[in-house]
Amino acid sequence: MTKETNIYIDYIRAVLSDERYNHSLSVAEMCKRLSENYGSDPERAYLAGVLHDIRKESDIETQKAEVEAAARLASLTGEAPVGDEERHPKLLHAVAGAEFCKNQFGINDRELLSAIRFHTVGKADMTLLEKIVYVGDAVSNDRKYHDVKYYKDLAFENINKAVFEVVKFTILKTVKNSLKVSRYSFEAYNFYSEFK
Ligand SMILES: [Fe+2]
Ligand SMILES: [Fe+2]
């Protein structure tokens, strides 16, 4: 593990609860293993996992402010707009986390930032790192839901099919709870349905 990664681990240890900290390391480990499986940089995938929930337990008003800053910048630069659905309290931390890592840590790896930003809703045509973080978050070893083994095995066999199954599961759960579904999730669903 690099010195830089250790600094971020120390940071999340300080700001996250035990449960969220353990989840983050669990996701990082899963991202590393998936990355090794698919022949990409395991250290970078591990770091993305460490950072993905970095704002999850921070003050909600601060998260909102970070999301609005990211939304303003996106409208100026033509980057992916922040949808209203992503302003749900449970989802804010994804956009806020990427914004925080860019501004507070000076991280400028755009793909890594995007993997953090889309880890909750997914999107169409993701890069390998984005897919690894999206799926890694769903199948990390601390996850206990029914059928987790099926999703985990699939993640190592066929990452595109795993993205499809995870986004389908997430959309169904969101609909069941009568919440709005992000258009990015629908776009991911349609895109990855080609791989089912
Ligand atoms: Fe998250
Ligand atoms: Fe997570």
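Keep in mind that the numbers below use all heavy atoms, side chains included, and drop hydrogens, waters and symmetry copies. Every number for a ligand or one of its atoms is a count from 1 in the order of the listing.
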- Do Arg117 and Tyr184 meet the cation-pi criteria used here (NZ or CZ under 6.0 Å from the six-membered ring centre, within 45° of the axis)?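 Yes - Arg117 lies over the ring of Tyr184, closer than 6.0 Å to its centre and within 45° of its axis.
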Counting N and O atoms only, with roles assigned by atom type, does the side chain of [X] sit under 3.5 Å from a partner on the main chain of [Y], one being a donor and the other an acceptor?
X	Y	answer
Glu66	Phe100	no
Ser114	Arg110	no
Asn37	Phe156	yes

- Protein N/O/S count near the Fe ion (ligand 1) (criterion: distance under 2.8 Å):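 Near the Fe ion (ligand 1), the number of protein N, O or S atoms below 2.8 Å is 3.
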- Message: The criterion is salt bridge (charged side-chain N to carboxylate O under 4.0 Å, His left out); which residues satisfy it with Glu111, sequence neighbours excluded?
- Response: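 Partners of Glu111 under the salt bridge (charged side-chain N to carboxylate O under 4.0 Å, His left out) test: Arg44.
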- Query: Taking Lys102 as the fixed residue, which of Leu73, Ile107, Leu112 is the one that meets the side chain to side chain contact (heavy atoms under 4.5 Å, CB included) rule?
  - Reply: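 Only one of Leu73, Ile107, Leu112 forms a side chain to side chain contact (heavy atoms under 4.5 Å, CB included) with Lys102, namely Leu73.
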